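Here is the naming used below: chain letters follow the sequence lines, and residue numbers restart at 1 for every chain. What you see is a predicted model, and the numbers here were worked out from it, not measured in a lab.
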Number of protein chains: 2
Amino acid sequence: MENKRDHKLDNFFSYSFSLDCLIFGFQDGKINLLLVKRESEPFKDQWAIPGDLIYPDEDLPNAASRILKDLTSIEGIDLHQAQTFGNPARHPQGRVITSAYFALVRMDDLQEYARSWSDRIQWMPIYSIPRLSFDHNEIAISTFEVLKQKLTIYPIAFDLLPEKFTINNLQEIYEYAFQQDWDKANFRKKLKKIPLIKLNEKQKNVKHRPASLFKLDSEQLSKMIKREDYSFSLKIN
Amino acid sequence: MENKRDHKLDNFFSYSFSLDCLIFGFQDGKINLLLVKRESEPFKDQWAIPGDLIYPDEDLPNAASRILKDLTSIEGIDLHQAQTFGNPARHPQGRVITSAYFALVRMDDLQEYARSWSDRIQWMPIYSIPRLSFDHNEIAISTFEVLKQKLTIYPIAFDLLPEKFTINNLQEIYEYAFQQDWDKANFRKKLKKIPLIKLNEKQKNVKHRPASLFKLDSEQLSKMIKREDYSFSLKIN
DNA sequence: CCAAAAGTGTTGCGAGTACACCCATGG
DNA sequence: CCATGGGTGTACTCGCAACACTTTTGG
């Protein structure tokens with residue numbers, strides 16, 4: 001027992017701590033995960049969740065923000081901690097413990113960026129993730145479960161939507177996440193508990209009645225949360 | 001017990017990874033957290049959450065089991081991962097990132113053990129935790145929140161109870177956890193969804209009508225979970 | 001006109017709440 | 001006898017699911 005512990009840690013890779021940042025986006029009715037193609041061994045040229053070692057003076061949320069910003073230039077959005085993974089065999093080159101964080105981003109804000117990097121990064125629908133590097137499939141599944149859990153209680157789905165969205169956009173997020181359909185009338189009734197502002201604007205160029213655009217009343221929401229007056233919850237099944 | 005190797009920190013662990021194991025028990029209507037008195041600097045003789053560095057060949061769940069077993073001799077119970085903490089300043093002697101795990105134990109099984117160590121360990125009601133070492137107050141609060149969250153969905157409250165318990169014991173756990181009272185008739189109806197076996201046994205030496213003792217029908221519960229037929233959920237407020 | 005999706009109102013069932021009442025024990 | 005908490009039945013309410021129906025656009 002004492003012997004095992006006499007490992008020296010001067011080799012950065014022999015025992016280190018990293019953070020994986022799972023970036024989720026929503027488009028065309030699907031929730032996507034941003035993957036990067038690895039540029040070095042191990043698993044060179046295979047898809048992976050973006051991540052990095054944590055710097056010595058960095059708190060975990062800082063590291064998550066940094067990774068998100070380096071990759072997408074996005075700043076100032078909420079990051080959520082999911083699970084931490086520490087199987088000694090998870091990294092072939094040494095002991096690397098990793099914490100998963102996730103962010104929900106507006107894919108629209110990233111269009112041109114995504115094109116410029118299109119050979120090294122890719123959005124993949126969460127239910128169609130290919131085989132990934134390391135134990136990243138397990139991390140993706142686990143983190144998506146945490147995301148789903150939070151979706152049932154917190155109003156984080158809006159982070160995936162553009163500022164102006166239709167009620168149906170929102171419903172699609174839930175239907176895709178839980179692979180389950182809701183009645184649109186009843187779904188709208190659930191939303192009564194979330195403060196939304198109906199804009200004087202409608203969808204365009206649709207060959208059916210255009211839907212009204214809404215935005216989240218963030219101020220009102222903060223107030224409600226402050227006075228513990230926020231009670232949205234979505235029952236599955 | 002824990003931290004007997006803290007003195008090595010400066011030469012050995014300039015950057016290390018530990019695991020804190022929050023052990024919860026239930027007695028006399030209160031949920032308690034097991035704390036240990038630190039035997040070395042920093043924070044010598046102050047209360048702390050039991051924890052240890054993770055061994056090089058150990059997965060996180062293994063480390064959590066080990067810490068639990070070393071301290072209490074308890075084996076084979078469920079351990080749940082909570083949050084991971086990595087503030088660079090959280091440990092005065094170096095960078096230590098720590099993952100919190102929690103276990104729910106039967107306090108009755110630990111009576112004699114608790115007495116034999118009574119000067120170095122102590123159960124403290126979760127709502128009366130004193131000032132702890134490091135950032136352990138934050139860890140305790142955060143982990144208790146995760147525990148509460150799980151209590152609303154999963155049948156883990158039984159892990160806190162002796163094999164034979166009364167319905168009121170169970171209700172007390174929820175009422176203490178959420179600091180909220182439930183109507184006893186209605187509380188019983190919620191439990192209809194959890195398979196319980198009513199034993200031909202009653203409380204003794206109580207100066208009122210003795211309550212029936214129940215036990216959890218674990219087999220039935222596993223079956224229900226397997227066929228996704230388990231749907232207990234407790235609404236707060 | 002029709003197709004398609006937006007958006008709303010109504011009804012009926014069921015879960016959950018409030019509350020009343022009876023039961024078993026010790027003192 | 002009382003006090004205390006165990007245990008159960010009932011009636012009412014409110015949320016929610018099902019479903020029908022109207023509205024607005026493009027073609």
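Ring geometry, Trp182(B) versus Phe178(B): the interplanar angle exceeds 60°, so the pair is classed perpendicular (tilted spans 30 to 60°). Phe24(A) and Phe144(A) have tilted rings, their planes meeting at an angle from 30° to 60° on a 0 to 90° scale.
The CD-C1' distance, from Glu172(B) to dG5(D), rounds to 11 Å in whole Å. As rounded to whole Å, 7 Å separates atom P of dG7(C) from atom CD1 of Ile167(A). One interatomic measurement links the two molecules: NZ of Lys192(B) to P of dT8(D), which rounds to 8 Å at whole-angstrom precision. For the pair Leu191(B) CG and dA15(C) P, the interatomic distance rounds to 15 Å; values are reported in whole Å. If you take CG of Asn205(B) and P of dG5(D), they are 16 Å apart, rounded to a whole angstrom. Between the P atom of dG6(D) and the CH2 atom of Trp182(B) lies a distance of 17 Å, rounded to the nearest Å. In this structure, Phe187(B) atom CZ and dT8(D) atom C1' are separated by 16 Å, rounded to whole Å. Nucleotide dG6(D) holds its C1' atom 15 Å from the CG atom of Leu170(B), rounded to whole Å.
Applying the 6.0 Å contact sphere to NZ of Lys190(A) captures more than 12 heavy atoms from other residues, nucleotides or ligands. Within 6.0 Å of atom NZ in Lys164(A), 12 or fewer heavy atoms from other residues, nucleotides or ligands are found, so the atom counts as exposed in its surroundings. Other residues, nucleotides and ligands place more than 12 heavy atoms under 6.0 Å from the CZ atom of Arg227(B). Around CD of Glu219(B), the count of heavy atoms belonging to other residues, nucleotides or ligands within 6.0 Å does not exceed 12.
Between Thr166(A) and Asn169(A), the side chains place a donor N or O and an acceptor N or O closer than 3.5 Å (distance only, hydrogens not considered).
Counting only distance, with no hydrogens or angles, the side chain of Tyr174(A) and the backbone of Leu151(A) share a donor-acceptor pair below 3.5 Å.
In terms of the ring pair (Phe, Tyr, Trp, His ring centres under 6.0 Å) criterion, Phe85(A) has no residue partners (sequence neighbours excluded).
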Taking only nitrogen or oxygen atoms into account, show me every contact under 3.5 Å that the protein makes with nucleotides 9-11 of chain C, one pair per line with its distance.
from    : atom 1 : to        : atom 2 : distance (Å)
dT10(C) : O4     : Lys189(A) : NZ     : 3.0

Could you pull out the protein-nucleic contacts involving nucleotides 4-6 of chain C (nitrogen or oxygen on both sides, under 3.5 Å)?
from   : atom 1 : to        : atom 2 : distance (Å)
dA6(C) : N7     : Lys184(A) : NZ     : 3.0
dA6(C) : N3     : Arg209(A) : NH1    : 3.2

